[in-house]
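We name chains A, B, ... by the order of the sequence lines, and we start the count at 1 in each one. In this text, all values refer to a predicted model and were calculated from it rather than measured experimentally.
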Amino acid sequence: MSIMLVLTIILGALATALFVAGYFRGTGNAIRNHRSTVQPSAAVAEEKSYGWSMAFAVLAAAALIGSLGVSPAFFYLPPLLVIATAAVNGYAFFLDRDG
Amino acid sequence: MDASTLKLSSGLSAGLGISLMVGSGLVFLLIAMIVKRYLVRDTHDFIISNRQIGLGFGVGTVISVWTWAMAVMMSSAMTYKFGLSGLFWFVVPNGFAIMAMIPLARMMRKRMPEGYTIGQFAHVRFNGSNVASGVVTVTMIFNVLLEILVNLKGTSVVMSTVFPIDWRAATLITIVTVCTYSYFGGLWTSVMTGTVNTWMITVPAAIVLVAVFDQIAGGAPAVFAAVKASNPDNLSIFQSEAPAAFGISLAFGLLASVVADQTFWQKVWAIRADQVTRTFLWAGAWFYPIPICLGMLGLVGLAYGITPQMIGGDIAAIGPYVISHLGLPAVFIVAYVLVILAACYSTIDGASTALSSIVAVDIVKRYFISATESRLFYITKLSMLFGGIIATIIVLSGVDFTSLVLATFALKTAILVPLVLAILWPKTNTVGFAGGVCLAILIGMPLREIYGELVGTFAILGISGSVVVIAALAIPSQFDMDRLKAVDAIPVAQPGE
């Protein structure tokens, strides 16, 4: 088992821990919200910069794919970022305090 | 790196495959029971989760629903066929399509805060026109059926390829498993199990890919060198073959797949209004690493010089073939199968849940106004099973479902521009909307047949949009968007009901 595989498994385990913690928090919040008689706000958040964020995400994805053709060192970036997807999903439960 | 060294891994029994399919279903059934007990008391909860879905569950469910079983395999297949330019044109429009929903979602949540379905929007927006809302509803139903069908087929192919399981048995086990857990709890169950599926798609996929490089003598540098030696163009994203062959038409097709899909509109209205923008932004952006990671299996296929004949002629099988023939320990093969199963289950249960909202709002509430809440709830739950049963019959019958694929393509591509204009432009009228969709199909589909997908797609988009604009100029009218606010919510059951 290479160092890279060991590192991936460790990072995967950490992301999983964050994900599971977030998931339980989210489930608890969902049940609490359901029992509450207070209805969620119907106001859509004012976020004016999402266009820039979208453009950045698209360019970053394109750059990531392009980098795979430059050096094999970049071959390990996608798996690390996939683990980051799970971690970000877990973090999202903590960022949204009501959800 | 030599393809002749690849051999099918042993020790993958039918029992193991069935255990994975049923076992993950049992975990989801447990979640469904918790949902049924604590989160669902009426139709409103069942189809719209009381508009209480937060950022975490929102991001998880949108990613998992968008990650089709076939998409997991097609990212590898397009890389295998076109190199990195294939991966580029497959992946980049995919995440963008999700994020492109943001302006439409924001507008709909502001203008129609009590909405449930996009068919309901069309009904109100076009002054109760049964033609306009019917076109939208039929498109949504076709889309849902196709989603279930394609994922069911993809999963049965993978399970019967990796394990000695008959594909018909794999189809039946899949649909029974998904229908069983998704029947309880509706959208909340789909959202909560979908979020688990996002974990199942991500972490195992990362570990499996690194294990693949670990298994290959020389690791990632050997793969890079072998691909470069065979054809350096495969390491460039700037090859023109991929966009012409599939990339450009796929980009529009993906946009239509999101905008003309109730699966996503249901989430637009179910996620808390203050989290809608962020949910679709994060889901689109963080979806990207998944197909990029799995697409790299296509590079491994190229490095080994695997031929399409070796994988049965279907390049979608390149990912499963690489995983099951490298000699990886069984645990990694099982992890890859879980990725496929997660992608399949989440898309099928998301589609079934969308179908239940269409049946409840666009059929029962519209045409059977006197239906009581308890009867509506019962019908809504049963409708979850309808799409699964129809799709299973089609798959098991072995009939060619090209006609369904073509019909769904025609409808969703033709509806894309008129629907977007109906949301954004108050001058869009019923004649333009219905006429645009019909003419685009009648003229665009034959053009597609004669001149190919690229010309056909542009023709359909151009005709549908032009007809809407011409009709708006010929029959001037201005829809008062505030009327969308008057949409009735399905009554919420009171405690004790």
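Each of B:T202, B:V59, B:V203 has some count of heavy-atom pairs under 4.5 Å with chain A, and the biggest count is that of B:T202. Interface summary for chain A: among B:P113, B:G60, B:P232, the most heavy-atom pairs under 4.5 angstrom belong to B:G60. When B:T195, B:V227, B:I31, B:V92 are compared by the number of non-hydrogen pairs under 4.5 Å with chain A, B:T195 comes out ahead. Each of A:A86, A:A15, A:A60 has some count of heavy-atom pairs under 4.5 Å with chain B, and the biggest count is that of A:A86. Each of B:L84, B:L209, B:I34 has some count of heavy-atom pairs under 4.5 Å with chain A, and the biggest count is that of B:L84. Contact count against chain A (heavy-atom pairs under 4.5 Å) is highest for B:I102 among B:I290, B:N234, B:I102, B:T198.
With a threshold of 4.5 angstrom between heavy atoms, A:A84 approaches chain B through its backbone and through its side chain. Heavy atoms of B:I207 lying under 4.5 Å from chain A belong to its backbone as well as its side chain. Contact of B:L299 with chain A is made through the side chain alone, with heavy-atom distances under 4.5 Å. Proximity to chain B is limited to the side chain of A:L64, based on heavy atoms less than 4.5 angstrom apart. Residue B:V276 does not touch chain A at all, counting heavy-atom pairs closer than 4.5 Å. Contact of A:F75 with chain B is made through backbone and side chain together, with heavy-atom distances under 4.5 Å. Contacts of B:I237 with chain A are made by side-chain atoms alone, with heavy-atom separations under 4.5 Å and no backbone atom involved. Neither the backbone nor the side chain of B:P204 comes within contact range of chain A; no heavy atoms are under 4.5 Å apart. With a threshold of 4.5 angstrom between heavy atoms, B:V40 approaches chain A through N, CA, C or O but not through any side-chain atom. For a residue to count as touching a neighbouring chain, one of its non-hydrogen atoms must lie under 4.5 Å from one of that chain's; by this rule B:Y288 touches chain A with the side chain only. Residue A:F94: no heavy atom, backbone or side chain, is found under 4.5 Å from chain B. Of the atoms belonging to B:S236, not a single heavy atom falls under 4.5 Å from chain A. Residue A:A62 touches chain B through both its backbone and its side chain, counting heavy-atom pairs closer than 4.5 Å. Within the 4.5 angstrom heavy-atom criterion, no atom of A:V20 approaches chain B.
Residues B:P103 and A:Y50 meet the side-chain proximity criterion, which asks for heavy atoms closer than 4.5 Å. Counting heavy atoms from C-beta outward, B:L55 and A:L95 have side chains that approach closer than 4.5 Å. Looking at heavy atoms from C-beta onward, A:L81 lies out of side-chain contact with B:I292 at the 4.5 angstrom threshold.
In this structure, CD1 on A:I83 lies 8.5 Å from SG on B:C293, to the nearest 0.5 angstrom. Here the CH2-CD1 distance, from B:W89 to A:I65, works out to 11.0 Å after rounding to the nearest 0.5 Å. Atoms CZ and CG, on B:F57 and A:D96 in that order, are 11.0 Å from each other to the nearest 0.5 Å. In this structure, CE in B:M296 is found 9.0 Å from CG in A:L77, a value given to the nearest 0.5 Å. Atom CG of B:D214 is separated from atom CE of A:M1 by 7.5 Å, given to the nearest 0.5 angstrom. How far CG of A:L68 is from CG of B:L235: 9.0 Å, rounded to the nearest 0.5 Å.
When every heavy atom of B:A285 is checked against every heavy atom of A:A57, the shortest pair comes out as CB-CB, 3.7 Å. Taking both residues in full, the closest heavy atoms of A:A43 and B:A273 are given as O-CB, 3.6 Å, listed atom of the first, atom of the second, then distance. Contact detail for B:R41 and A:H34: the closest heavy-atom pair is NH1-NE2, 3.8 Å. What you find for B:F224 and A:S71 is that their closest heavy atoms are CE1-N, 3.8 Å. Across B:P289 and A:P78, no two heavy atoms sit closer than the pair CB-O, 4.3 Å. Across every non-hydrogen atom of B:G56 and A:N89, the tightest pair is O-ND2, 2.9 Å.
Without hydrogens or angle criteria, B:Y38 side chain to A:R35 main chain gives no donor-acceptor distance under 3.5 Å.
Contacts of B:D274 classified as salt bridge (Lys or Arg N to Asp or Glu O under 4.0 Å), with partners at least two apart in sequence or in another chain: B:R272. Listed by chain and residue number, B:W199 satisfy the side-chain hydrogen bond (donor to acceptor under 3.5 Å, both in side chains) test with A:T16 (two or more places apart in sequence, or in another chain).
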Please lay out, stage by stage, how A:T85 and B:I63 fare under the test side-chain contact (heavy atoms from CB on, under 4.5 Å). CA-CA 10 Å; A:T85 298; B:I63 288 178; 3.9 Å; yes
Step-by-step side-chain contact (heavy atoms from CB on, under 4.5 Å) determination, B:V196 to A:Y23: CA-CA 8 Å; B:V196 174; A:Y23 192 91; 3.5 Å; yes
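Annotation for B:K228: atom NZ does not count as buried by contact number, only 12 or fewer foreign heavy atoms lying within 6.0 Å.
Ring pair B:F213/A:Y76 is perpendicular by interplanar angle, where above 60° counts as perpendicular and below 30° as parallel.
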